[in-house]
Each structure stands twice: as C-alpha cells, then as structure tokens.
S.K.: 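I have a structure here, written as structure tokens, and I will follow up with some questions on it.
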Amino acid sequence: MTKQEDTLLLVDGNSVAFRAFFALQNVGSFTNHDGLHTNAIYVFKKILDNILKKYSPTNVLVAFDAGKTTFRTKKYSDYKAGRAKTPGELSEQFPYLKKMLAAYGIKDYELADYEADDIIGTLSRQGQAEGYRVVVVTGDRDLTQLTTDKTTVAVTQKGFSEVEEYTPDHVKEKYGLEPKQIIDMKGLAGDNSDNYPGVTKVGEKTAIKLLKQYTSVEGIYEHIDEMKQSKMKEHLIEDKETALLCKDLATIKTDAPLTIKLIDTKRQEMNETDLHSLYEELDFKSFLKDLTGEDPDEQKAFDKLAVTMLTQKNLDKVPAKIKEPVVFYLEMDGKNYHNAPFVGFVFKIADQYYGARDVELLKQAPLKQILTDPAIKLDVFDCKRTFVGLNRLGITMTNVDFDLLLVSYLLNNTENSDDLGELASLHGFDQVKTDEQFYGKGAKREIPAEDDQLFAHLSHKVFAIATLKEPLFTELKNNQQQNLYDEMELPLAQVLAKMEIAGISVDTERLEQMKSEFKERLSELKQDIYNEAGEEFNINSPKQLGHILFEKLELPVIKKTKTGYSTAVSVLEKLRGMSPIVDNILTYRQISKLQSTYIEGLLKVVFKEDQKVHTRYTQTLTATGRLSSVDPNLQNIPVRLEEGRKIRQAFVPSRAGWQIFSADYSQIELRVLAHIAGDEHMQEAFKEDRDIHANTAMQIFGLDSEDEVTPNIRRQAKAVNFGIVYGISDYGLSQNIGITRKQAKQFIDTYFEKFPGVKKYMDEIVEHAREEGYVETIFHRRRYLPDIKNKNYNIRSFAERTAMNSPIQGSAADIIKVAMINMDKKLAEKKMQAKMLLQVHDELIFEVPDEELTDFEELVKSVMDSAVDLNVPLKVECAHGKTWFSAK
DNA sequence: TGTCTCACG
DNA sequence: ACGTACGTGAGACAA
C-alpha cells in the first residue's frame, strides 16, 4: 500500500539530456582525460540532484526513447523527420548517464516502438491510481497534457537550477486551456520540432482562441458551419484530416504495454563506490569532493546568508582594519548605469555581509575608505559598471582584483551572458538566480520591497563572486591568460569607464536643422514614389515595397528572402534604369535611415545636463575581442557617403578652442596577418610602405610596375585582401566584385602562390582549431570553435573561416586596447588636458586643446606605433578639425 | 520576437 | 552537391 506522501518521479531522459547538453554546449573544456564529452552528464546530474532534493521521491524512473521508429512514424512517416541527428558529442554520453543512474539506485527504461513520453504517460496514470503524488520532469512543454490534480509536470528552465511547475491551474493560467486541450492545440498548431504541420496558418495563439470557443478539434468541426467565412475557415476545412492526424500524434499514450511494474521503480540505495569510480573516470572533481563529505550545513548557510543592514547609526559595525579582499556588489535598476536608479549594495568583509538600499552611505567612513583605499583589494562583477556607478556618487573606486564578468569572458567568450547568475552556473555554481528569474522581466519586473528578499539575492551574488575567484583565476593561469587579464582587460575597463563618463558633446541645433531638411526631402521623394507607383504605400515595409516593384510594376525578381522578395540595395542597384522609381527608393531609403537612426536616434539619447552622449562600451560581448558600443552606438556613425558623413558635424569638442582629433591604424588587420603568417612578400611590402592593395594587384595580375595598376584592378585586389582576412571563399569574392566564380577561384589560387606564407597560415590555423578546439590571438585571447568538426559542410566551413579570421581581427583588437591603456597613462603623466573620447575598432577619437595639438600628435603616433612589436611596422594616420566631420 | 535592412570597422 | 564572405547595433515592420 502506498502512504499518503509517497512520490513517483518520472523523468524524460532524452529531453532532459538534450536540454542539459545544449545548456553547456559551448563551454570549451567539458571533456575528460580521454576526450569524452561530459557536459550533458554534468548538467543532468545537477538537475537530478535538484529535483531529488525538491521532491524527495520514493519511486523514480528515467524513461528513454528506444529508437527512431515508433508507432507514430508508422502512422505518419515524416514524424520527427528532418530533425538533426543527435550529435555524436551527446550520444557518446548516454551509456555513462545510465551508469550514473544505476549508481544512484534509479531505474531506467525504454520500450520498442514507443517514446519516453508514452512510458511516462502510462506510469503516471498507474501511479496516481495507486495513490502516489506523481511528478514528471521534462524539457518538453507537450507533456503538460498529463497534468492532473495528482500529477505535476515540471519543465526544466534555461538556467537549469529551476523548474516551472505545471498544475492544472498553472496550465489554465498560461494557456487558458485544460491540460488535455494541449493535445488539441498541438493538433491545430502543429509542431515544428516533431515535424507535423497542423492546420495551415494556425499557430498557438489562433489555436487557443478556437479551443476556448469550441473546446476540442472535434468540437470545431462539429460547429464549422456556424463559423463565418474567412481564410482561416477555409484552411480548417481543407486541413481537417491533418488536424485529426496531428492531434493523434500529439496524444501521449497512457496504456503502453509496459514490461515494468510500479514496484520496480522503488528507489534503491545509492552505490557510492560506483559513483566514485564513475566520477573519477569523468574527471568530475567537484562531485568527487561532494561525495567524500563536504559540510552539509554549507547549503543551509548559503540559503540564508546573514546580512547586517547598515544605517547612518551602525556604520561602526563595519571593521576598520581589513586584511582579506573585500567583495562588493552595487545593484542598479536598469542597464544604463549612467542614469539607472540605485537599488542597493552588499559588501562581504571577512565572512560577514553588510548591505543597504541607501547608497549615500557609501560616501561615508568606513565604506568610502574601503572602496578607495589602494591597499584593499576589491572583488566585483563588472567593474566598469561599478566604477561608473560609484563615480556618480563622487567615489573613485581603486584596486579591483577580481572581476567575475571579465574573467569569465576571457575564459569563454562563446557564452557571452552578462548575467551573474547565468555565468556563475556556467562555471558550476548554479545557486544564484538570474536577474530575470529574481526580478522578473518586462512589465512584471519589480524590485522586492522586502529587505530579506532583496538582500538574499544580492548576498548570493556576492557569495558567488567570492566562491568563483580562486577556481577561475586558476583556469586563467592554466590558459596563460593571466597577463591578458591583469595587463589588458582590467586596466582597459577603467579607461573605458573614463571615456564613457567624459562623453562627447553634440550640437543638437545642427541635428535639428538637418532633421527639418531631411523631413522636407523625404516628403518630396515620397510624393514622387507614390506618383510613379500609382498608389500610396508604406515604403519602409519590405513586403509592401516588394508588392509594388515585383507585382504591380513587374520588375524582374533578383533575389528572394525567407518571407518574400528581397529589396536590399544590391537588388535595387540591378533594377536601376528599368524604372525611375528605383532611384527614388534608394535615395528615400538612404535619407530615412539617416533620419530615424542617426538624427532622431541620436537626439533621443543626448543627456540634457551636459548636451553630451555617453555611450556604453560592451567589453565582454564579441567573440573576437573587439568592443561594441550601445546607447548610442558610436561605432557606426556614417562616413562612406557624403550625405551621411555630415552627421559628424554634430560631434563637437566640449570646450571652445579645442579640436576633435582622430588617429587611426592604417591596414592594421593586413599588417597583423603579415606578422602572424610570417609571409615574406607581404612583410616586405609593409616594410617598404608600399600601397598594399596595389602590391597585391601586381602579384595576382602579374604586373611589373605600379603604373600598370588601374583603379579597377586595384579595387579588385583590395577585395581579395579583404577576402583573405575574412577566410576567403571563391563564391564570396565573386559576389563581392561581380566576377564569375571561376575567375574568383583563379585570383585566390594565384594569391596563395604568390603569398605562400599566408596559405600556410590558413592551413595551420584550421588544423590547430581541429586539434585544440580553439584559436587564439597574439595576446592569448581564445575563441573556441566546437563546430570545426561538424558534419554539416556549411557549419564546418563557417567555423573554418572563423578560425582564419578571429586571430587577425582579435589581435588587431588587442593592439588598440594596449594603445588605449598606454595613451591614458601618458596623458596623465604628461598632465595634458586632451581627452580620449571614442574607440572605433582601429581608430581613436580625442578632444584636444589647440595649444596641445602639436605635442599631442607626436605622442599619439608614438604610443600607437609602439603598442606592440610586430615583424612589420604599424602606421598611424592623424587628422583634426572643429568637428568630427572635419577631422579627416 | 524574429526578420529585414543598413550603418560602421 | 552543398551555399557562404568576418565582427557588430538599431530601427521598422509584421506577426
């Protein structure tokens, strides 16, 4: 007989393993000493431990799919067709997963012709009939159809430390449907991943609406005659068969012919010896440590960290003499830390936690001393954000030692989250909620009013920073990336913070003036276009524009997109001359882009207080090591076309008698390539300061003197040079310069003959990526390339091109970062007033007082030239003027 | 929210 | 026979 509290836990093994695999797919080194991938086993265990702890089940079963063919594929041969084959990196983990379950004392089961779902469906009904509380764990929402009063379906979440529990009430709340109507919904809407179609043009939303009215698929067809005429009705009638079939496919069996009994699912004793040897085989060091007995109170202590709430009156509780590093976390409500409201802060000093909502306390002793004392090491998450935030309070943070965000970006820039909880769990510490989980998102986002709640979250973040410091620092050392962190990224964060705080002044009057000019021109163009089209339509809508051009005006279709006709510039260029409307559309596009993105967009983000824009550089986002810029993006201000370039007239110095000064690296990526590839011919060209594109032209066209290089030949050679840097393909090159693929191939072959060092580099770097799983820059910045062994040609080729390009683009990014740090240092040493304002990948923008101009130019050239010692010289070109426009 | 288009290096 | 240049951010549209 079952007791009241007996719980039967049913786990969808395949689904959870898949989720587990993809949750940590891109983490570089998740293999054991034999090269076996272990990420899915690792995450599966984490999930399993969480749910075992949460539900304390007496009975557990993990169900697996038996094979590709099931009774469903017999009914519908395309069922799950087209689904990508399980990656080898995952399938090799299943035997070990099963070994681990056995050691846990947990039964696994599969049944020929049936899916794991059906096993779970059947056992859940048997279980609830015998009085068990049933919990189903899966990553697949389809299973919520099994939900009843006695059966809860727990769906794993992205962060995998949490599950979303579906009870009948929750299903109703989420979908507005009864659990068993989920089947009807699937029947109508179909399922992409299982590859059955449902009714044409009916998605989840429409399905739900229909089911609310008619209850079931059958119900809809009983009342189909009452529905008023519509496209949807036609589709419903046409696809009736399909709808019924899909419903059948979506229905999970509750009467599969199982050869297993409930009693077999009773959970057995854990076999620690087996687990121990398994973990050793898999190199699961932290799990081994858990096995050998860590302090069981640790978890409890974490759940409820005691935080001393600080006020004006008890600041003396904070110790004055501090030896160990201090962990500090400053929370703000919103992404833009230049003006986001403060939420609160937490310190961890020795083993004590101190916190408050009132950030004004930070200005007082002893807190301010802790943050500004150069002798006290600080550990934080995102030091740039923290630095700017504290600067708003008049506090200059010094001496950051560990920045969890920066370090984890250097260790792995594939998973480029900026959420502390998410990153911590990537590094095996999965106890901290993500901000989205804790605060909610969108309209539901809310800062808890209860101190207990808020400071639990903040202190958990602080705890994670403290916990991860040593292991992550060790990993950095093992990767030889300690220098990259200490000498480059960490100091750079502070330099960037200063640039962001400085901001750049905007002449809003100039922008307003351009705005009204553009407005005028746009309305004229619009009229012309409407006249030529013979009707009014939305020119900004690719769909409506496509209709006018290709249907009404019957212009030839050059290219299609997923959703219809392409109307991109490359297409319109080809249609030029066929109709006067095309030129007008091109001009309209150009002006309206300038108007909305640059004029209006920029005006929206100018700070009223100082008439400046304060961008934020994302230091931990790109896969190559470049920065990016947001709010506004100041790295893509127009320059190529005169019309757009004028936007730059609105970027001005912040003081009279100053100038905007720009300094950019000439051909830095090709110089980097010449250096790392060690190609003599290319190095020679740079050493002699030749025109590099003309030089390439002479080589590939077999010319004897630079005089023979026509502008057109040079243009083609330039494209070849770019192609080389990007990881060339004949097709890509042919598209770019409008030649045949055969000609493009000829160019590339000749190029590689003339520059054998480059060819050798390309081959070797791809080989390196295959062997090691990553490529790196001259400063040891890594990029992992798991796709380099992918069986899909396209995916693999992409990874190969990335392998060729990343060390080049990344090393160039490293070099300018070094230059920025050195420049910042020199300006301070020389007590110059000039300020660094912007970075645009290979270019630095400053504002400089007139009287410093001469000295400054000499300084910036020497600093940028000498940022790194390559086998070829670096070249810097400078310009200055009254606005960014004239600094050219 | 995803797609398309287009601005930059 | 595949179907592609590398790296970004933002606005508008259409669900």
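A note on names: the letters A, B, ... follow the listed sequences, proteins ahead of strands, and every chain is numbered from 1. Bear in mind that the values here come from a model prediction, so they are computed numbers and not experimental data. Heavy atoms only: backbone and side chains are in, while hydrogens, waters and symmetry mates are out.
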S.K.: In whole Å, what is the span from the NE2 atom of H841(A) to the C1' atom of dT8(C)?
M.R.: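 Whole-Å distance recorded here is 6 Å.
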
S.K.: Under 4.0 Å between any heavy atoms, over every strand shown, what does D842(A) touch: base, sugar-phosphate, or nothing? Just pick one.
M.R.: sugar-phosphate

S.K.: Between C1' on dT5(B) and CD1 on I558(A), what's the gap in Å once rounded to a whole number?
M.R.: 17 Å

S.K.: Using a cut-off of less than 4.0 Å, is there contact between a side-chain N or O of S628(A) and OP1 or OP2 of dG9(C)?
M.R.: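 Checking S628(A) against dG9(C): at least one side-chain N or O falls below 4.0 Å of OP1 or OP2.
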
S.K.: Take the protein atom CG of N736(A) and the nucleotide atom C1' of dG3(C), then report the distance between them rounded to whole Å.
M.R.: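 Atom CG in N736(A) sits about 16 Å away from atom C1' in dG3(C).
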
S.K.: Can you tell me the base-pairing partner of dA1(C)? Count Watson-Crick or G-U wobble geometry only, both distances below 3.5 Å, and say none if there is no partner.
M.R.: none

S.K.: Categorize S806(A) for me: base, sugar-phosphate, or nothing, with a 4.0 angstrom heavy-atom threshold over every strand shown.
M.R.: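 No contact at all - S806(A) keeps every heavy atom at 4.0 Å or more from the nucleic acid.
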
S.K.: Quick check for you: among dA12(C), dT5(B), dG3(C), whose closest atom lies nearest to any side-chain atom of R741(A)?
M.R.: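 Nearest listed nucleotide: dG3(C).
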
S.K.: Exactly one of V725(A), D730(A), I724(A) should register a side-chain contact (heavy atoms from CB on, under 4.5 Å) with I728(A). Which one does?
M.R.: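 Exactly one option meets the side-chain contact (heavy atoms from CB on, under 4.5 Å) with I728(A), and it is I724(A).
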
S.K.: For A623(A), report the nucleic acid contact type (base, sugar-phosphate, nothing); a contact means any heavy atom under 4.0 Å.
M.R.: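 If one applies the 4.0 Å heavy-atom cut-off, A623(A) turns out to touch the sugar-phosphate alone, with no base involved.
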
S.K.: Using whole Å, report how far CD of E642(A) lies from P of dC8(B).
M.R.: 12 Å

S.K.: Look at R576(A) together with E573(A) and state whether they make a salt bridge at an N to O cut-off of under 4.0 Å.
M.R.: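 Yes.
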
S.K.: Using a heavy-atom cut-off of 4.0 Å across all strands, would you classify G723(A) as base, sugar-phosphate, or nothing?
M.R.: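 Base contact.
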
S.K.: Q590(A) side chain N/O closer than 4.0 Å to the phosphate oxygens (OP1, OP2) of dT5(B)?
M.R.: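 It does not, given that no N or O in the side chain of Q590(A) lies less than 4.0 Å from OP1 or OP2 of dT5(B).
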
S.K.: Taking the basic N atoms (NZ, or NE/NH1/NH2) and the acidic carboxylate oxygens, is any pair closer than 4.0 Å for E536(A) and K526(A)?
M.R.: no

S.K.: So what does V840(A) hit on the nucleic acid, given a heavy-atom distance under 4.0 Å: a base, only sugar-phosphate, or nothing?
M.R.: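 It contacts sugar-phosphate atoms only.
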
S.K.: Does dT5(B) have OP1 or OP2 sitting under 4.0 Å from an N or O in the side chain of R589(A)?
M.R.: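 No, R589(A) has no side-chain N/O under 4.0 Å of OP1/OP2 on dT5(B).
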
S.K.: Expressed in whole Å, how much space separates the P atoms belonging to dC6(B) and dA1(C)?
M.R.: 34 Å

S.K.: Have a look at D631(A) and say if it touches a base, only the backbone sugar-phosphate, or nothing, with a 4.0 Å heavy-atom cut-off.
M.R.: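 Result for D631(A) = sugar-phosphate.
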
S.K.: Tell me whether the side-chain N/O atoms of T567(A) come closer than 4.0 Å to OP1 or OP2 in dT5(B).
M.R.: yes

S.K.: Using a strict threshold of under 4.0 Å (side-chain N to carboxylate O), is an ion pair present between E772(A) and R782(A)?
M.R.: no

S.K.: Does A719(A) reach a base, just sugar-phosphate, or nothing at all? Heavy atoms under 4.0 Å.
M.R.: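 Base, at least one base heavy atom under 4.0 Å.
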
S.K.: At under 4.0 Å between heavy atoms, what does Q544(A) touch on the DNA or RNA strands: base, sugar-phosphate, or nothing?
M.R.: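 If one applies the 4.0 Å heavy-atom cut-off, Q544(A) turns out to touch the sugar-phosphate alone, with no base involved.
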
S.K.: Verify the ring-centre separation between H768(A) and Y774(A): is it less than 6.0 angstrom?
M.R.: yes

S.K.: Is it true that D382(A) and R385(A) make a salt bridge, defined as a side-chain N closer than 4.0 Å to a carboxylate O?
M.R.: yes

S.K.: Can a side chain N or O of K543(A) be found less than 4.0 Å away from OP1 or OP2 on dA15(C)?
M.R.: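 Answer yes for this pair, as a side-chain N or O of K543(A) is under 4.0 Å from OP1 or OP2.
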
S.K.: Looking at E642(A) and K646(A), does any basic side-chain N land under 4.0 Å from a carboxylate oxygen?
M.R.: no

S.K.: Does the side-chain ring of Y726(A) sit on the six-membered ring of the dC6(C) base, less than 5.5 Å centre to centre and under 30° in tilt?
M.R.: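 Yes; by the centre-distance and plane-angle rule, Y726(A) counts as stacking on dC6(C).
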
S.K.: State which residues pass salt bridge (charged side-chain N to carboxylate O under 4.0 Å, His left out) with E843(A); sequence neighbours excluded, sorted by chain then number.
M.R.: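 If we apply the salt bridge (charged side-chain N to carboxylate O under 4.0 Å, His left out) test to E843(A), skipping adjacent residues, there are no hits.
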
S.K.: Taking N and O atoms by type only, does the side chain of R783(A) place a donor or acceptor under 3.5 Å from a partner on the base of dG7(C)?
M.R.: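 It does not, because no donor-acceptor pair links the side chain of R783(A) to the base of dG7(C) below 3.5 Å.
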
S.K.: I want to check one thing: is the phosphate of dG9(B), taken as OP1 and OP2, less than 4.0 Å away from some side-chain N or O of R640(A)?
M.R.: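 Yes, such a contact exists.
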
S.K.: Give the rounded distance in Å between these two atoms: NE2 of H547(A) and P of dC4(B).
M.R.: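 Answer to the nearest Å: 19 Å.
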
S.K.: Give S592(A) one of three labels, base, sugar-phosphate or nothing, depending on what nucleic acid heavy atoms sit under 4.0 Å from its own.
M.R.: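 Contact class for S592(A): none.
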
S.K.: Think N633(A) has a side-chain N or O under 4.0 angstrom from the OP1 or OP2 of dT8(C)?
M.R.: no

S.K.: On DNA chain C, compare the nucleotides closest to P632(A) and R626(A); which residue's is nearer the 5' end?
M.R.: R626(A)

S.K.: Looking at S541(A), I'd like to know whether one of its side-chain N or O atoms comes within less than 4.0 Å of OP1 or OP2 on dA14(C).
M.R.: yes

S.K.: Would you mind classifying the nucleic acid contact of L594(A) as base, sugar-phosphate or nothing, using non-hydrogen atoms under 4.0 angstrom?
M.R.: nothing

S.K.: Can you tell me the distance, in whole Å, between the CG atom of N636(A) and the C1' atom of dC6(C)?
M.R.: 17 Å

S.K.: Between dA5(C) and dT5(B), how far apart are the P atoms? Round to whole Å, please.
M.R.: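 Going atom to atom, P in each nucleotide, I get 13 Å.
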
S.K.: Classify L621(A) by what it touches in the nucleic acid, base, sugar-phosphate, or nothing, heavy-atom distance under 4.0 Å.
M.R.: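 Sugar-phosphate, backbone atoms only, no base.
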
S.K.: Any side-chain N or O of T561(A) below 4.0 angstrom from OP1/OP2 of dC4(B)?
M.R.: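 Affirmative; the distance criterion is met.
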
S.K.: What nucleotide among dC6(B), dG9(B), dG11(C) has an atom nearest to a side-chain atom of V639(A)?
M.R.: dG9(B)

S.K.: Measure distances between side-chain N and O atoms of R801(A) and base N and O atoms of dT4(C), and say whether any donor-acceptor pair falls under 3.5 Å.
M.R.: yes

S.K.: Quick test of the criterion, 5.5 Å between centres and less than 30° between planes. Is F798(A) stacked on dT4(C) or not?
M.R.: no

S.K.: For K718(A) and dA5(C), what is the distance between atoms NZ and C1' respectively, to the nearest whole Å?
M.R.: 16 Å

S.K.: Using only heavy-atom distances, decide whether a donor-acceptor pair under 3.5 angstrom links the side-chain of Q635(A) to the base of dC8(B).
M.R.: no

S.K.: Atom CG of D787(A) to atom P of dT4(C): distance rounded to whole Å?
M.R.: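 Rounding to the nearest Å, CG of D787(A) and P of dT4(C) are 16 Å apart.
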
